[in-house]
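Read through the structure below, which is laid out as structure tokens, and then see the notes.
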Amino acid sequence: MVRIEEVNNIRRATIDTPHGQINTPTFMPDATYGTVQEVSMQDLRDVGINEFVTTTLHIEQAIGSEYLKEYGSMHKFTGWDRPILTDSGGFQVYSLIHRNSSKHNQITEAGCSFIDYKTGNYNFLSPERSQYIQHLIGSDIRVVLDEPLIEDDSISKIRQSVERTTRWAQRSKKAFLEFNQLSEADFNNPEIKRPLLCAVIQGASSFEYRKISAEGLIDIGFDIYGFGGMPLRGKYSWKEDGKAGSFYHELTSYVAELIPKDKIRYALGVGNPDNLKFAIESGWDLFDTVLPTRNARHGYLYVNSGEGDASYDNFDVMHIKSERYKFDERQIDTKLVNPAYPKLSRAYLRHLIRMKSGSGTRVATMHNLQFYTQFLNGLLNRSPIPA
RNA sequence: GCAGGGAUGGCAGAGCGGUCAAAUGCUCCAGACUGUAAAUCUGGCGUCGCGAGACUACGGGGGUUCGAGUCCCUCUCCCUGCA
């Protein structure tokens, strides 16, 4: 089901899923409500996207897994015949609880309970419920419900998060096997075609607890191990501290080493192109982030070095709404191969984004995704043009 | 012609003697966003200055007052009734 090779010191994995192969390293955009906002499934194919991530919680709220089951599947519904990964909803619950903590929003051993702020409805998401929804969605890769811990927190909180995540992972796997009518032996039989299951390593900024978390999950046995709970703020923020030799780099490298070589490594929520480059070099295979899509909507474009107005190690940023592009007749990124819109000027895209035009956000989103795919292909010395 | 109402920063619109370089919204300028509850959020936005600060400002002109978008007179323009 998984084959690993190494080319120029970079891992490359081939993963067989019910809907075709995934070739890593690869970046998966986030299709939160069953859509990568602003673009169509055909657009995704056109810019070289092969798989995407969608979120259990949002699908359940916006579409309904029972509806998808009745309709057929997420693949049939969307017309996407390639791999789909469903996130468990753990991060979404975490995110919403931290934005709006109330006595109704809480996480207990049983699961996550919270009030939907739009409908006022009470929601409950347990490890089993998350697996069930993902089962009805019919995704190719499923993630176990976990309890993220992004901020640097006390050791007791870290311990609780790690231990609960491990217990939930155990419950999730049990539910996964039941829903798919598989035995543990079946799970370990590479001849049997089935969706893949991913557990998420927690432990915040603690090397010790990252190791404990990884070992606990590896004991249970999964196809994919994720790195969860990136520190976005605080002392060990990997946003501020993302350079070679930094704490964040040491931590993610360390965790990658804890995962068996023949298992897939998924860095959840990573990252900008610099982050991706480092994570790939330190052995991670799968990535997803909202950056290229959300930023595109805000007129923040990823472009090749020398093309934008702000420079990072391996890329530039173009703030396309800026006055500086008012009379710029060039295409968005003159170094991009086969751009989706070669005749569209920066000046006009600036106008479209400023007017909040759907055509503008679509072009910007396609551009950013295309930049990401070409950036990865460049790192791997693959052809920049997808097959 | 008579009576009444009104003129405030790019626009809309607060302000009813001092705490007004002037609320608020929009526009505009800059920025942020990392398993998306984000078409969201954060700054800036009279002029000069990095800054403290200085200067010029609430239709024009003239008064009252220690002090005036704020009160009085007058002019210009706009709106509403009556002729």
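Predicted, not measured: the structure shown is a model, and the values here were computed from it. Protein chains get the first letters and strands the later ones, always in sequence-line order, with residue 1 at the start of each.
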Sort out the partner of C41(B) for me: Watson-Crick or G-U wobble, both distances under 3.5 Å, none otherwise. G31(B)
Measuring from the side chain of Val143(A) (C-beta onward, heavy atoms only), which nucleotide among G31(B), G35(B), A39(B) has the closest atom? G35(B)
Picking from Thr293(A), Thr361(A), Thr365(A), what satisfies side chain to side chain donor-acceptor pair (under 3.5 Å) with Glu38(A)? Thr361(A)
Counting only side-chain N and O atoms of Tyr33(A), is one of them less than 4.0 Å from OP1 or OP2 of A38(B)? yes
Protein-nucleotide distance (Glu38(A), atom CD; U40(B), atom P), rounded to Å: 12 Å
Need the pair for U64(B). Rule: Watson-Crick or G-U wobble, both distances under 3.5 Å, any strand; none if unpaired. none
Could you tell me how far apart Phe27(A) (CZ) and G35(B) (P) are, to the nearest whole angstrom? 9 Å
Verify whether one side chain among Tyr300(A) and Asn368(A) offers a donor that lies under 3.5 Å from an acceptor in the other. no
Partner nucleotide of C58(B) by Watson-Crick or wobble geometry (both distances under 3.5 Å): none
Here the gap from Asp328(A) atom CG to Met318(A) atom CE, rounded to the nearest 0.5 Å, amounts to 6.5 Å
Is G53(B) paired to anything, Watson-Crick or G-U wobble with both distances less than 3.5 Å, and if yes, which nucleotide? C48(B)
Under 4.0 Å, heavy atoms only, any strand: does Thr293(A) hit a base, just the sugar-phosphate, or nothing? base
Closest approach to the side chain of Pro148(A), judged atom by atom: which nucleotide of U34(B), G35(B), C29(B) is it? G35(B)
Please write out which residues are connected to Tyr132(A) in a hydrophobic cluster, directly or through intermediates, given that two of Ile, Leu, Val, Met, Phe, Trp, Tyr count as joined at side-chain heavy-atom separations below 4.5 angstrom. Leu136(A), Phe179(A)
Take the protein atom CZ of Arg354(A) and the nucleotide atom P of A30(B), then report the distance between them rounded to whole Å. 8 Å
In whole angstroms, how far is the P atom of U40(B) from the NZ atom of Lys321(A)? 10 Å
Among A38(B), A30(B), G31(B), which is the nearest nucleotide to the side chain of Asp309(A)? G31(B)
Counting the atoms with a prime plus P, OP1 and OP2 as sugar-phosphate, which does Thr361(A) contact under 4.0 Å by heavy atoms, base, sugar-phosphate, or nothing? nothing
Would you give the length of the straight line joining atom CZ of Arg82(A) to atom OG1 of Thr17(A), rounded to the nearest 0.5 angstrom? 11.5 Å
Using a heavy-atom cut-off of 4.0 Å across all strands, would you classify Ile141(A) as base, sugar-phosphate, or nothing? nothing
Please classify the nucleic acid contact of Arg362(A) as base, sugar-phosphate, or nothing, using heavy-atom distances under 4.0 Å. nothing
Looking for any heavy atom pair under 4.0 Å, which part of the strands does Tyr300(A) touch: base, sugar-phosphate only, or nothing? base
Arg164(A)/Glu109(A) salt bridge by N-O under 4.0 Å criterion: yes
NA contact type, Asp288(A), heavy-atom cut-off 4.0 Å: base, sugar-phosphate, or nothing? sugar-phosphate
For Leu125(A) and G35(B), what is the distance between atoms CG and P respectively, to the nearest whole Å? 18 Å
Do the two ring centres, one from Tyr266(A) and one from Tyr225(A), sit under 6.0 Å apart? no
If U24(B) has a Watson-Crick or G-U wobble mate with both distances under 3.5 Å, name it; if not, just say none. A12(B)
Looking only at atom P, what distance separates G18(B) and G63(B), rounded to whole Å? 23 Å
Would you say Thr55(A) places a side-chain N or O within less than 4.0 Å of OP1 or OP2 belonging to G35(B)? no
Can a side chain N or O of Ser322(A) be found less than 4.0 Å away from OP1 or OP2 on C29(B)? no
Using the P atoms only, state how far G25(B) lies from C75(B), rounded to an integer number of Å. 40 Å
In whole angstrom, what separates Ile84(A)'s CD1 from G35(B)'s C1'? 16 Å
When you compare G5(B) with C72(B), how far apart are their P atoms, in angstrom units rounded to a whole number? 11 Å
If you check the His298(A) side chain, which of A39(B), A30(B), G35(B) turns out closest? A39(B)
Pairing partner of C77(B), by Watson-Crick or G-U wobble and under 3.5 Å for both distances, is G6(B)
Atom-to-atom span, CG of Leu352(A) to C1' of A39(B) - whole angstrom: 14 Å
C78(B) and C33(B), which share atom name C1', separated by this distance in whole Å: 48 Å
Looking at every strand, decide which applies to Ser88(A) at a 4.0 Å heavy-atom threshold: base, sugar-phosphate, or nothing. base
Look at all strands and tell whether Arg350(A) reaches a base, only sugar-phosphate, or nothing, counting heavy atoms closer than 4.0 Å. sugar-phosphate
Whole-Å C1' distance, G69(B) and A22(B): 9 Å
Checking contacts here: which listed nucleotide (A30(B), U34(B), C33(B)) is nearest the side-chain heavy atoms of Asn295(A)? C33(B)
What's the gap between C77(B) and G59(B) when it is taken at their C1' atoms, as a whole Å value? 8 Å
Quick one: does Gln202(A) reach the base of G35(B) with a side-chain donor-acceptor pair under 3.5 Å? yes
Taking atom C1' in both C29(B) and C20(B), what distance in whole Å separates the two? 25 Å
Between Asp223(A) and Lys263(A), does any side-chain N to carboxylate O distance fall below 4.0 Å? no
Integer-rounded Å distance: G35(B) C1' and Leu268(A) CG: 4 Å
In whole angstrom, give me the gap between the C1' atoms of A12(B) and U27(B). 11 Å
Please assess Thr55(A) against Asp30(A) for the test side-chain contact (heavy atoms from CB on, under 4.5 Å), listing each intermediate value before the final yes or no. CA-CA 8 Å; Thr55(A) 49; Asp30(A) 288 320; 5.9 Å; no
Using a cut-off of less than 4.0 Å, is there contact between a side-chain N or O of Arg294(A) and OP1 or OP2 of U34(B)? yes
Glycosidic conformation of G35(B), taking syn as within 90° of 0 and anti otherwise: anti
When both hydrogen-bonding distances must be under 3.5 Å and the geometry is Watson-Crick or G-U wobble, what is G1(B) paired with, if anything? C82(B)
Of Leu291(A) and Gln61(A), whose closest RNA chain B nucleotide lies nearer the 5' terminus? Leu291(A)
Which nucleotide in U34(B), G31(B), G35(B) has an atom nearest any side-chain atom of His319(A): G31(B)
